[in-house]
Amino acid sequence: MSEEQIKNLEDQFEARIARDEKIEPKDWMPEKYRKTHIRQMSQHAHSEIVGMLPEGNWITRAPSLRRKVALLAKVQDEAGHGLYLYSACETLGVSRDELYEQLHSGKAKYSSIFNYPTITWADMGAIGWLVDGAAIINQVPLCNTSYGPYARAMVRVCKEESFHQRQGYEIMIKLANGTPEQKEMAQDALNRWWWPSLMMLGPTDDVSVHTEQSMKWKLKRKSNDDLRQQFIDQTVPQAELIGLTIPDPDLKWNEEKGIYDFGEIDWDEFWQVVKGHGPCNKERMKARVSAWEEGEWVRNAAMAHAENKKERIEKQAV
Amino acid sequence: MTDKKNWPLWEIFVRSKNGLEHRHCGSLHATDAEMALENARDVYTRRNEGVSIWVVESYHITASNPEHNGELFEPAQDKVYRHPTFYELPDEVKHM
Amino acid sequence: MKNENLYKYILGIADNSLILGQRLGELCGHGPNLETDIACTNISLDLFGQVRSYFQYAGKVAGDNRTEDDIAMLRKEREYKNVLLVEQPNTNFAYTIGRQFLFDVYHLAFLTELQKSSDLTLSAIAKKCIKEVRYHERFSSDWVKRLGDGTPESKQKMQEAMDTLWTYTDELFHQTQADKVMVSDGVGVDVTKLKDQYYKAVTELLEDAKLKTPESKYFQKGGKDGIHTEHLGYLLSDLQFMQRTYPNMEW
């Protein structure tokens, strides 16, 4: 194809997206669209399955049977969400195994927030409330993104995710209304998870690299800073309602703008964790890699068994 | 293991209740049809979403090529006489 | 307690599901792939659901305001009455599957009989649970076949797991004092009568899976009397951690 022809196709392609048409797997697409989608969807998928670890950490220690089944079901959903998203990636011709390879070799990124440790039960509440809360803000607009399989996966994810944040907030309510020790546990968790949750919505707009193109492709509907503001404005009253204090001395309602002003985010910490030097980066990766490696003989056995069975049936037929 | 083989991909169709058609709801990996059914049950019907499941190995699906959409689908666009609204009836005639 | 035997009997049943559910819960996020991970978690969730039904009933039988969580998480090591089989660790996936299979075959036979219990609550719970357990049995049987008749490596691992776990099977058919009283009251299941069909079913499946049925006649017992393997203590320290560290709080 000549450059002019490609340019022509690209223009038509952009026009389709601008008209809110969906792009489906076999449609022509610019290579950059394909690559960007594989990157974003797989990062999202990786975040889901790495995200299983900090919460999975508390399944065996959940304080009641009711909390235990809720947490189990939630972490299981994350496996499901990872699966839906990897499937969406596979429609673009990249296998799940390849994507795992990228994750395990450190080539692919996942959400940095999962590199923080979950040290008390209240962290289960804080993750559900804050981390899932921030995730939902990010994800709901994606239900309408331009790539069909991604949009459909996100519809499913968002539908299932609706209980996750409530589950977390309910844990916080219970702690905040509990004994002084419990309330302290809740406040401590909020103190530790607040800033990482704000960072989770991405670098500030002036340094964010992908935003403009992503906006066009509806991979992103709002800027990081707008999402962050939305998250803060909706979360602060929820904290007040249960008598917890947001750990930001500069947080103040701005009457004029109708939003909360907030303090400086420690971006050095953010980049440090992104670059692999957070408190749990190594543990998380080790857990993923060892589950995958220890599972290899199991996966091979199941495949070999299916082939044995097929062979036997074919022999019988002869 | 030298002969490492990935589990094939399957497309999953779920009937949400009797009377409705099976609808494509996603895909997953499994070694054979039985396992695909079991995995589909665990992955796609955890919230009571189904009463029946179909699984098809993705490899067996033949899809039309969007490049041929012009010749495949556009010729149907102007066959308006296939639709009831094409035919004019006096206002007095109801229920037809 | 007026119904002490019934209370003990319910706990004997429920503790198996509790401890096995806890073991499977450890795997969540660490399975051999996503599909299998999700499937194992489903089984764990089924088991915890069963546990809650049993313990809620046990709490009523005890009649002293103890909750499902008090019963699940505030007993001493010797007061847990699960069989030794279910507390065995997830040494590798063959052990997880072997343990599940050896328990599921029993569990299915047991619930089939428990449906006929003269105790209407127990029979209702059994009727609900049996559907779940039928699926568990199908899942674990399929996996024993996959691993037994898979690669040479998987066959060896599955055989080793089966040989190791075999020693805990006989205990499934032991009767406690409470069992005997409940059987004679028409409430309980006479597990001694399930033994032949159990070994027959297990042997058939192992043959199908191209595995040898272990021949060892040496069996371990004690779980039903609260004398456990060393593994249980660690499991309980996780299970009980919150309730012990922060007593008398609601979560």
So which atom in [X] and which in [Y] form the shortest heavy-atom distance, rounded to 0.1 Å?
X        : Y        : result
C/Gly25  : A/Leu72  : CA-CD2, 4.3 Å
C/Ala72  : A/Leu65  : CB-CD1, 3.9 Å
A/Pro63  : C/Met73  : O-SD, 3.3 Å
C/Thr151 : A/Ala304 : CG2-CB, 3.8 Å

When heavy-atom pairs shorter than 4.5 Å are enumerated against chain C, which of [options] gives the highest number?
options                              : value
A/Met52, A/Met303, A/Arg61, A/Glu181 : A/Arg61
A/Arg288, A/Glu78, A/Arg96           : A/Arg96
A/Gln182, A/Glu55, A/Glu170          : A/Gln182
A/Ala73, A/Gly56, A/Ala79            : A/Ala79
A/His305, A/Met185, A/Glu307         : A/His305

Heavy-atom contact with chain C under 4.5 Å, split by part of [X]:
X        : answer
A/Ala306 : neither
A/Lys68  : side chain
A/Leu83  : both

[X] [atom1] to [Y] [atom2] distance, which is reported to the nearest 0.5 Å:
X        : Y        : atom1 : atom2 : result
C/Leu27  : A/Ile59  : CG    : CD1   : 10.0 Å
A/Glu296 : C/Glu153 : CD    : CD    : 8.5 Å
C/Tyr246 : A/Thr120 : OH    : OG1   : 6.5 Å
A/Lys74  : C/Cys28  : NZ    : SG    : 11.5 Å
A/Arg67  : C/Asp69  : CZ    : CG    : 10.5 Å
A/Thr60  : C/Arg23  : OG1   : CZ    : 10.0 Å

Which bit of [X] is near chain A, if near means a heavy-atom gap under 4.5 Å: side chain, backbone, both or neither?
X        : result
C/Asp149 : both
C/Phe93  : both
C/Leu18  : side chain
C/Lys145 : both

Is it the case that over 12 heavy atoms from other parts of the model lie below 6.0 angstrom from the [atom1] atom of [X]?
X        : atom1 : value
C/Asn65  : CG    : no
A/Arg312 : CZ    : yes
A/Glu184 : CD    : no
C/Arg244 : CZ    : yes
C/Lys81  : NZ    : yes

Open item on the list: For A/Asn300 and C/Ser154: C-alpha separation, side-chain torsions, deciding distance, then whether side-chain contact (heavy atoms from CB on, under 4.5 Å) applies.
Closed with: CA-CA 9 Å; A/Asn300 288 340; C/Ser154 71; over 6 Å; no
Give the member of [options] that has the highest number of heavy-atom pairs under 4.5 Å with chain A.
options                               : value
C/Met158, C/Lys155, C/Glu35, C/Gln240 : C/Glu35
C/Thr67, C/Asn42, C/Val51             : C/Asn42
C/Asp142, C/Thr36, C/Asn33, C/Leu147  : C/Leu147

**Asked** Can you check whether A/Ser64's main-chain N or O pairs, donor with acceptor, with C/Gln243's side chain at less than 3.5 Å?
**Response** no
Could you tell me whether the side chain of A/Glu294 and the main chain of C/Pro32 form a donor-acceptor pair under 3.5 Å? no
### Query
Going through the checks in order, is the side-chain contact (heavy atoms from CB on, under 4.5 Å) test met by C/Thr41 and A/Val75?
CA-CA 9 Å; C/Thr41 306; A/Val75 180; over 6 Å; no
>> Evaluate C/Asn92 against A/Trp297 for side-chain contact (heavy atoms from CB on, under 4.5 Å), listing each step before the verdict.
In response: CA-CA 11 Å; C/Asn92 62 34; A/Trp297 70 270; 4.2 Å; yes
*Would you call C/Leu34 and A/Ile49 a side-chain contact if the rule is heavy atoms closer than 4.5 Å?*
yes
Do A/Leu53 and C/His30 make a side-chain contact, defined as non-hydrogen atoms from C-beta onward lying under 4.5 Å apart? yes
**Message:** Working note: C/Arg52 + A/Val69, criterion side-chain contact (heavy atoms from CB on, under 4.5 Å); need CA distance, chi angles, decisive distance, verdict.
**Reply:** CA-CA 10 Å; C/Arg52 297 185 69 191; A/Val69 290; 3.9 Å; yes
